[in-house]
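Below is one structure, written out as structure tokens, with a few remarks after it.
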Amino acid sequence: MSQTSYTKSDQTKSVANLTLPPSLWAATATPAPETPMLAGEGRADVAIIGGGFTGLSAALHLATANEGGTDVAVLEAAEPGWGASGRNGGQVIPGLKEDPRQILSRFGEKDGEAMVRASGAAADLVFDLIKRFEIDCDGQQTGWIQAAHMPHMLGDLQKRHGDWAARDANVAWLEADELSRRMGDDRYHGGWIDKRGGGLQPLSYARGLARAAIENGARIYGASPVTDLSRDGQNWRVTTAHGALRADKVIIATNGYTDGLWPGLAQTVVPVFSVQVATAPLGENMRGRILGGGEVLSDTHRVLWYFRQDAHGRLIMGGGGSAYESGAVNIYDGLRQRIHNLLPDAGEIDFEFAWNGKVALTTDHYPHLHELAPGLWAGLGFNGRGVAMATMMGKILADKALGTSQPEFDFPNMKPRPLPLHFLRGLAVTATRTYYNFRDALDDK
Ligand SMILES: Cc1cc2nc3c(=O)[nH]c(=O)nc-3n(C[C@H](O)[C@H](O)[C@H](O)COP(=O)(O)OP(=O)(O)OC[C@H]3O[C@@H](n4cnc5c(N)ncnc54)[C@H](O)[C@@H]3O)c2cc1C
């Protein structure tokens, strides 16, 4: 049988350390399901590369599709949730960065409407999966707040709120005094709450998706980095160090950890190390004060600022990123200082965890779905907002692999566009962050 090898992956570079790094989520997650290493030759109808929310949601939707499901195998370099999916802020945020009306004007009626529908329903999908498969992950659909840090940001937020309200989404405008009541101070000028959103323990959610997929017949192989993806006659051949799978269809779900497996794919996104810190559980009086209703919040700083409490009253904060892991480590102190600013009367606060992981940014700020070749798809570029959208992308990719003629949700197929001068991305990220930090500092004065 003819076999054309498209490329060799330099996988070892991007996922060199396969141990789950220490984080709040790693310390408090439900146990990981058994995911043996792929050994020997095998086959699957659909092979999925990457075991984060995108790959696991695709696997679960494939395994539960139709009578008897589809024969699906996930190949994960480390373990389910090892990437950004097990390390994020756990904020479940519906929608995309731009508003419905901007999406429609940019992508047109048909594609734009599909994107608005899919992204608007993405958070509901997460909470439905949690309920349907009884995933133990502290999931709470208690709302996502977007708050204006400057009065001039209110107009944009009002438009966003209005756009979603016009679509009957479960949203509400929050005047400054209502926001102060939820925040315990008056730092914000107003905002809106999208009640479709909420919070969860992301590693437990990833492991829950994996467990549900396995219980429904999917195979998940851990410690199985794919080193080569090639065409093998009518099939695809997906090779790891100790085995290989022949598959009719393949989904690449590697987001910020994408590298050379498919030519040019890694160059369509800019990987950035994003950062989180978590305090020790706050005292009872503090817990009730800041987002005590379980809401999660992001504000309008250019270098995004977002925080929430976990199920044990720890304050978790994220914001900022770096092209280099060493740079991410430098951001921890700034975030700790921000928590002190949020809780000025809390005295000495103990910090228990600081960690980071890679997100994938796109220059248009949209996630991208690509049909790279017949029977080969990729979904990536969630721009740091993939808890809901990567889960939805997995469902959409599952429908692509199934050839569903009228899928419940859809997303346009986009031509992969490798970024020119991609090798200069580190400089670009650093320059942009420095500029945004400067503008934010001027605002905060
Ligand atoms: C610190 C941080 C905070 C964040 N906060 C939020 C938040 O609060 N809300 C939100 O919506 N989003 C947030 N995000 C973004 C969100 O986590 C991601 O968008 C989402 O998890 C992407 O999921 P994924 O499955 O596409 O990718 P990932 O979860 O990154 O999974 C990719 C997987 O592919 C595997 N892989 C890579 N190459 C190979 C290979 N060759 N063979 C086999 N496996 C391979 C990797 O091991 C990895 O497990 C945050 C991200 C970070 C890092």
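Computed over heavy atoms, backbone and side chain alike; hydrogens, waters and symmetry mates excluded. Computed from a prediction, not measured in an experiment: that's the story for all the values here. Every number for a ligand or one of its atoms is a count from 1 in the order of the listing.
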Please check whether [X] reaches ligand 1 - meaning an N/O of the residue sits under 3.5 Å from an N/O of the ligand, judged on distance alone.
X: F382; result: no
X: L261; result: no
X: I93; result: no

Ligand-residue contact atoms, ligand 1 with [X], heavy atoms, under 4.0 Å:
X: Q276; result: 1 (C), 3 (C)
X: V359; result: 51 (C), 52 (C), 53 (C)
X: G90; result: 8 (O)
X: P225; result: 42 (N), 43 (C)

Report yes or no: does [X] have a heavy atom closer than 4.0 Å to ligand 1?
X: G318; answer: no
X: W355; answer: no
X: I49; answer: yes

So, R160 versus Q146: side-chain donor-acceptor pair below 3.5 Å or not?
->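 On atom types as modelled, these side chains qualify, holding a pair under 3.5 Å.
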Give a yes-or-no answer on whether the side chains of W236 and S230 include a donor-acceptor pair shorter than 3.5 Å.
-> no
So which of V387, L75, V92 gets nearest to atom 10 (C) of ligand 1, if we judge by its closest heavy atom?
-> V387
Name the option, out of D228, T254, I252, T54, that contains the heavy atom nearest to atom 37 (C) of ligand 1.
->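 That would be T254.
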Only counting residues at least two apart or in another chain, list the ones meeting side-chain hydrogen bond (donor to acceptor under 3.5 Å, both in side chains) with D364.
-> T362, H368
Tell me which part of R87 gets within contact of ligand 1: side chain, backbone, both or neither, using heavy atoms under 4.0 Å.
->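 Just the backbone.
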Sequence-distant partners of A360, side-chain contact (heavy atoms from CB on, under 4.5 Å), two or more places apart =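 Only N255, V269 meet the side-chain contact (heavy atoms from CB on, under 4.5 Å) criterion with A360.
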Stepwise, does the salt bridge (Lys or Arg N to Asp or Glu O under 4.0 Å) test hold for K400 with E371?
-> CA-CA 9 Å; K400 300 275 175 213; E371 184 167 2; over 6 Å; no
Cation over ring, R196 on W164, under 6.0 Å and within 45°?
->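 Pair R196/W164 counts as cation-pi.
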